[in-house]
Visitor: 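Have a look at the structure that comes next, please.
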Amino acid sequence: MNASSTPEKEKNPGTFDLNALIRENIKKLKPYQSARDEFTGDVDEAIFLDANEQPAALNGLPEGINRYPKFAQDILKERLAAVRGVSPGQVFLGNGSDEAIDLIMRCFARPGADSIMVFPPTFGMYAVSARINDLGIISVPLDSDFMINEEAVFRAMDPSCRIIFFCNPNNPTANTQDREVMIRIMENFRGIVVVDEAYIDFCPEESLLPDLEKHPNLVVLQTFSKAWGLAGARVGVAFASPEIISILNKARAPYNLGGPACQLAVKALNNYAECRISIRQTIAARNKLSKALQTMPMVERVYPSNANFLLVKTSDANAVYNHLSDHGVVVRNRTTEPGCLGCLRVTVGTEDENEQLLEGWKKIGKPGGDSEGEAAGKPARKTTAAPPSDPAHAVSLPSRTATVRRQTAETDITIRLGLDGSGRANIVTGLGFFDHMLQQIARHGLFDLDIEATGDLHIDAHHTVEDTAITLGQAFRKALGNKKGIERYGFELPMDDSRAKVLIDFGGRSFFKWKVKFNSDHTGELPTSLYPHFFRSFSEAAACNLHIRAKGGDDHHKIEAAFKAFAKALRMAVTRNPAGILPSTKETL
Ligand SMILES: *Cc1c(COP(=O)(O)O)cnc(C)c1O
């Protein structure tokens, strides 16, 4: 049923009629009903002897796990709807997006008669699900820039076509489609249009969710498997009109999602700040990895990416794939996909994992996998991740990172700290001048620092500054772990015209000394009295000894010099000695 006739009719499809799309058997279906659905009395008072469950959970298992999960989906739908700005009635939850993909086909396309449209190279599950459901597959290949050819879509359009699958950003090509093109096709098609946004959180372009109201045939798929870090829980989401959602709900298995999976997804949503930080970190790591891969042997091109993976064109995908595999690195070989000759798909990992990938890749073509000398005519390259001041990096110690979230009645602060970073900062506290000072810590200490703080700034800056300091101190303490192999002490001598001096000792006890006089009571929006408060709170939370002195004319310069010196002192103190010994004559620090 490929690419045949009747495009004219499809170009003027009239209004979308959902009822005409629903398969007869689904229309007639009376969904499964449990006794609990029928019960209208007081749920808290009733005893439930209707579902053949065990009356109690086994020891050590979560309370309530012996019962079928009646409300878990409702709670998750409500949280998710609030986060995404839709109503709970527009949300379907599936056992991964895979379930939603399958169910959409089962509800709207007749086996043996209807077909779907896909744009290869794309996510393989659309075709697999179509084959399981005995549907035809209309393939309209992407062009050489991996873009949809709009004319070809209408040429290939066929009355059997019931569902179109856009993957945006697309897997495996990592690019996004033109929004206008997708909408034009949507408006000129009588069937269901699915836009799979599994990678939308990594993408600068907007989701199509706000278009749901305007387009009754639109279904937007998202998932907790990628940016939210819950691939193991299996939670996928379809957003659509309440009419489409109610059909999917009617046809799904009654308890298609486990209670724990729903609860984990709610927990992830409640940690949205950490999720955003982690997405930014992945994007930064992706951009760095992309540059590095361009210099690797056999690489012809690294395609631009709006996702958390990179498509890499090589001169021989199988050779690179096998070589990496021999070095214990598994990537995805996509060379047999249409338009992907020579291509590998590489997921962005942690900084350490990406380093390992590059280390392995560099050894291509070198006899015995020796990393010294020249390969493929390119000079040997140095590892780029290590700050030159840290010789311990040369022996590839694992990166030290910590994520801390601290919530109080007044503030909610999430910090991710990488001690062995490159000075990358993303700081949002709502206090511009404070952000600027915190950036000094990252930049001059070569830390990677992500901070998201929300606080009672409508009252004043006090709680936000103090609680950020405490959370930052806790992050340092956590990232330092058992402190094995650190220098422990840091100091910095006079800097520029402003002369700031900071002494630090991560000895495990807090002590704070402050000798800074300000000429006025504010710098920017911040009262200068908050600075000693900031550093004292840090010293208490990080359990460190901290002495700060600064002199100079201009308050702004003086405090900036203090933050810079603080950063330098921190860097010295957390730097690792290659011997890895604990810098204390006692057993612990
Ligand atoms: C990973 C991925 C999904 C996610 O599938 P789940 O079943 O939710 O884990 C969906 N669509 C695309 C394009 C993907 O790459």
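One-based numbering, in listed order, for ligands and for the atoms of each. For reference, positions follow the sequence shown, starting with 1.
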Visitor: Just distance, no hydrogens or angles: give the donor-acceptor pairs under 3.5 Å from side chains in residues 304-320, sequence neighbours left out.
Guide:
from: S305; atom 1: OG; to: A307; atom 2: N; distance (Å): 3.0
from: S305; atom 1: OG; to: A307; atom 2: O; distance (Å): 3.2
from: S305; atom 1: OG; to: F309; atom 2: O; distance (Å): 2.7
from: N306; atom 1: ND2; to: T176; atom 2: OG1; distance (Å): 2.8
from: K313; atom 1: NZ; to: L341; atom 2: O; distance (Å): 2.7
from: T314; atom 1: OG1; to: D316; atom 2: N; distance (Å): 3.3
from: T314; atom 1: OG1; to: A317; atom 2: N; distance (Å): 3.1
from: T314; atom 1: OG1; to: G342; atom 2: O; distance (Å): 2.8
from: D316; atom 1: OD1; to: N318; atom 2: N; distance (Å): 3.2
from: D316; atom 1: OD1; to: A319; atom 2: N; distance (Å): 3.1
from: N318; atom 1: OD1; to: N333; atom 2: ND2; distance (Å): 2.8

Visitor: Could you give all pairs that pass the salt bridge (Lys or Arg N to Asp or Glu O under 4.0 Å) test and reach residues 236-250, with sequence neighbours left out?
Guide: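 Counting only pairs at least two positions apart or across chains, no salt bridge (Lys or Arg N to Asp or Glu O under 4.0 Å) contact touches residues 236-250.
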Visitor: Would R36 and F48 count as a cation-pi pair here, with the cationic atom under 6.0 angstrom from the ring centre and within 45° of the axis?
Guide: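 Yes, R36 lies over the aromatic ring of F48.
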Visitor: Indicate whether any N or O donor in one side chain lies under 3.5 Å from an N or O acceptor in the other, for N170 and T122.
Guide: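 Yes, T122 and N170 have a side-chain donor paired with an acceptor closer than 3.5 Å.
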Visitor: If we set the cut-off at 4.0 Å for heavy atoms, which region of S97 has an atom near ligand 1: side chain, backbone, both, or neither?
Guide: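 It is both parts that get close, each with some atom under 4.0 Å.
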Visitor: Measuring from the heavy atoms of C167, does anything fall under 4.0 Å of ligand 1?
Guide: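 Yes, C167 has a heavy atom closer than 4.0 Å to ligand 1.
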Visitor: Using a strict cut-off of 4.0 Å, indicate which atoms of ligand 1 neighbour a heavy atom of D98.
Guide: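 Within the 4.0 Å cut-off of D98, ligand 1 contributes 5 (O), 7 (O).
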Visitor: What atoms of ligand 1 come closer than 4.0 angstrom to any heavy atom of K226?
Guide: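 Within the 4.0 Å cut-off of K226, ligand 1 contributes 1 (C), 2 (C), 3 (C), 4 (C), 14 (C), 15 (O).
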Visitor: Looking at E205 and I200, what are the two nearest heavy atoms and their distance?
Guide: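 Of all heavy-atom pairs spanning E205 and I200, the closest is O-CD1, 3.8 Å.
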Visitor: With a 6.0 Å cut-off on ring centres, are Y303 and F146 close enough?
Guide: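 Ring-ring flag for Y303/F146: true, centres closer than 6.0 Å.
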Visitor: Please identify which atoms of ligand 1 are closer than 4.0 Å to at least one heavy atom of A198.
Guide: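 That gives atoms 2 (C), 3 (C), 10 (C), 11 (N), 12 (C), 14 (C) of ligand 1.
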Visitor: Please list, in number order, the atoms of ligand 1 under 4.0 Å from a heavy atom of S225.
Guide: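 Those qualifying, in numeric order: 6 (P), 8 (O), 9 (O).
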Visitor: Does ligand 1 have any atom that is closer than 4.0 Å to a heavy atom of R234?
Guide: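 So R234 counts as touching ligand 1.
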Visitor: G96 heavy atoms, cut-off 4.0 Å: which ligand 1 atoms fall inside?
Guide: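 The atoms of ligand 1 under 4.0 Å from a heavy atom of G96 are 6 (P), 7 (O), 8 (O).
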Visitor: Ring of F108, cation from R106 - is the NZ or CZ under 6.0 Å from the centre and inside 45° of the axis?
Guide: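 No.
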Visitor: Does even one non-hydrogen atom of Y199 get within less than 4.0 Å of ligand 1?
Guide: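 Yes, Y199 has heavy atoms under 4.0 Å from ligand 1.
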Visitor: Just which atoms of ligand 1 are under 4.0 Å from any heavy atom in D196?
Guide: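 Near D196, the atoms of ligand 1 are 10 (C), 11 (N), 12 (C), 13 (C).
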